[in-house]
Amino acid sequence: MELAIHTGKPHFEITQHVGGPIVEPETAARFHRLSDEAFGRNYLTNNGPLLRTLEEEVAARHRVAHAVVVNNATIAQMILLKAMGLDRGEAVVSANTFVATPHSCLWQGMKVRFADIDPVTLAMSAADFERKITPDTTAVIPTHVFGVFADMPAIKTIADRRGIHVLADAAHAFDCDRAGIMAGGFGAPEFISFHATKFFSTLEGGAIVTNDDELARELRALRDFGHDRPGETGMLGINAKVSEIHAAFGLASLPALEERRALLETIRQTYIDELSGVSGVRIHPIGADGRNNFRYFALFVEEGFGLPRDVVLEVLKRENIAIQLYFYPGCQRLGYYRRTCPEMVEGLPEADRALGSILCLPTSFVHAEPIASARAIAAVIRTAQRRSGEVMDWWRAMHDSQFTIHN
Ligand code: T4K
């Protein structure tokens with residue numbers, strides 16, 4: 001295979017993004033039908049019938065009593081913290097999560113402390129959570145990265161002993177389980193993202209899943225300005241409501257999920273087969289602890305590969321493959337956190353190691369056959385390794401010329 005870094009001709013004409021939304025033609029057709037029905041009813045938001053059906057479907061799928069659907073997972077976390085009375089103290093959050101997780105704590109008036117990760121699952125290490133507890137710790141919020149669960153039983157045992165509240169970021173974990181238990185089923189409320197880039201989407205959206213009736217009642221009031229009874233506003237709520245059109249997209253997607261998941265699993269297996277035996281490539285194990293939705297495919301470019309991760313990233317970019325490095329460099333290293341809590345970058349060696357080598361490859365493709373595309377991407381990676389000397393020459397030349405231009 002010839003590489004675009006040499007020929008100037010990328011393998012993909014259209015850029016293939018990690019996280020490009022998955023919308024089958026049948027899903028789009030069902031969405032149009034359901035939207036038309038909503039317009040026909042002239043009932044478009046404020047706890048409409050499509051939203052109520054979606055909540056029942058999500059709760060049933062997650063085997064929990066309640067799914068409170070809101071307009072994104074960030075607001076889900078914020079109203080959950082509020083409902084749990086968490087507006088002070090410190091939350092321990094994972095060093096490997098999307099910035100929404102610590103941000104939501106800060107918006108609620110809390111402080112954050114980052115815990116290191118388990119190098120295999122990439123989720124919060126229970127042992128490091130215990131080390132990061134201080135007299136001010138009031139909450140712990142592990143993130144189930146790529147739908148691989150944090151060790152919830154261990155985290156919950158430690159937290160319960162110290163009177164620390166547990167909630168979890170299950171943004172990636174729709175339809176995933178750990179040994180048969182799904183988000184919301186570990187004795188703690190969890191929130192899921194239904195963003196357009198996720199396995200299951202309402203375009204923008206999210207849900208809190210819980211078995212706690214009182215908590216669900218309060219969350220439903222909080223998402224609706226705090227209206228807790230007809231004609232009464234008993235709490236300081238916000239607008240986190242979901243329109244019927246967003247709910248329609250969610251309902252339209254549900255029938256497609258089994259086939260979608262099967263295709264994603266096949267794409268994953270294709271990557272695994274095509275990259276087996278490539279030295280210095282380690283694949284993040286998902287699905288080993290239970291069911292996964294296979295939305296994410298992550299690998300680590302380690303020392304034995306012969307090229308730095310960032311060079312591989314650039315080679316793939318030249319082929320019009322827009323990969324992501326979730327969640328490089330770690331929230332604690334992003335501008336806002338570096339400025340406000342610079343000491344937090346210390347003591348997170350496993351997160352630093354994993355995020356320094358991670359690459360997330362596309363699992364959905366636009367106007368390109370998925371299996372052939374996964375094969376092609378793996379072939380680019382193999383070729384880059386085989387021709388690592390030439391690739392490094394190209395990299396150095398590119399950097400030298402940039403240096404010359406800018407100086
Ligand atoms: N916790 C975790 C662990 C999360 O991952 C997230 C969200 C949250 C909490 C908060 O959930 P929400 O409040 O969002 O419900 C994206 C998503 O916006 C975000 O939802 C997601 N995680 C995060 C991991 O990824 P960005 O800033 O990376 O988005 P963006 O626009 O760069 O999109 C990613 C790629 O997808 C791009 O390469 C372009 C492509 N794309 C995107 C969209 C929206 C498309 O091809 N088409 C599209 O329509 O945050």
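Quantities reported herein were computed from a predicted structural model and do not represent experimental measurements. Atoms within each ligand, like the ligands themselves, are counted from 1 in listed order. What you see below is based on every heavy atom in this structure, not just the backbone, and it leaves out hydrogens, waters and symmetry mates.
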## Note on the structure
Residue pairs meeting ring pair (Phe, Tyr, Trp, His ring centres under 6.0 Å), one or both in residues 13-58, sequence neighbours left out, come to Phe31-Phe249
### Query
When the ring planes of Phe194 and Phe174 are compared, do they come out parallel, tilted or perpendicular, using 30° and 60° as the limits?
perpendicular
### Task
Taking the side chain as every heavy atom from C-beta outward, state whether His195 and Glu204 have any pair of such atoms under 4.5 Å apart.
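Counting from C-beta outward, His195 and Glu204 do come under 4.5 Å.
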### Query
Taking side chain as C-beta onward, heavy atoms only, is Asp228 less than 4.5 Å from Met235?
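Contact flag for Asp228/Met235 side chains = yes.
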### Task
Return the set of residues passing side chain to side chain donor-acceptor pair (under 3.5 Å) with Thr97 (not counting sequence neighbours), or none when no residue passes.
Thr101, Thr143
### Query
Excluding sequence neighbours, so at least two apart, what forms side-chain contact (heavy atoms from CB on, under 4.5 Å) with Asp393?
Arg396
Name each N or O atom in ligand 1 that is under 3.5 Å from a protein N or O, and give the partner atom and the distance.
residue: ligand 1; atom: 1 (N); partner: Asp169; partner atom: OD1; Å: 3.3
residue: ligand 1; atom: 1 (N); partner: Asp169; partner atom: OD2; Å: 2.6
residue: ligand 1; atom: 5 (O); partner: His172; partner atom: NE2; Å: 2.9
residue: ligand 1; atom: 13 (O); partner: Ala73; partner atom: N; Å: 3.3
residue: ligand 1; atom: 13 (O); partner: Thr74; partner atom: N; Å: 3.0
residue: ligand 1; atom: 13 (O); partner: Thr74; partner atom: OG1; Å: 2.5
residue: ligand 1; atom: 15 (O); partner: Ala73; partner atom: N; Å: 3.0
residue: ligand 1; atom: 15 (O); partner: Ser193; partner atom: OG; Å: 2.8
residue: ligand 1; atom: 18 (O); partner: His195; partner atom: NE2; Å: 3.3
residue: ligand 1; atom: 20 (O); partner: His195; partner atom: ND1; Å: 3.4
residue: ligand 1; atom: 22 (N); partner: Lys198; partner atom: NZ; Å: 2.9
residue: ligand 1; atom: 36 (O); partner: Val18; partner atom: O; Å: 3.3
residue: ligand 1; atom: 38 (O); partner: His17; partner atom: ND1; Å: 2.8
residue: ligand 1; atom: 38 (O); partner: Gln324; partner atom: NE2; Å: 3.4

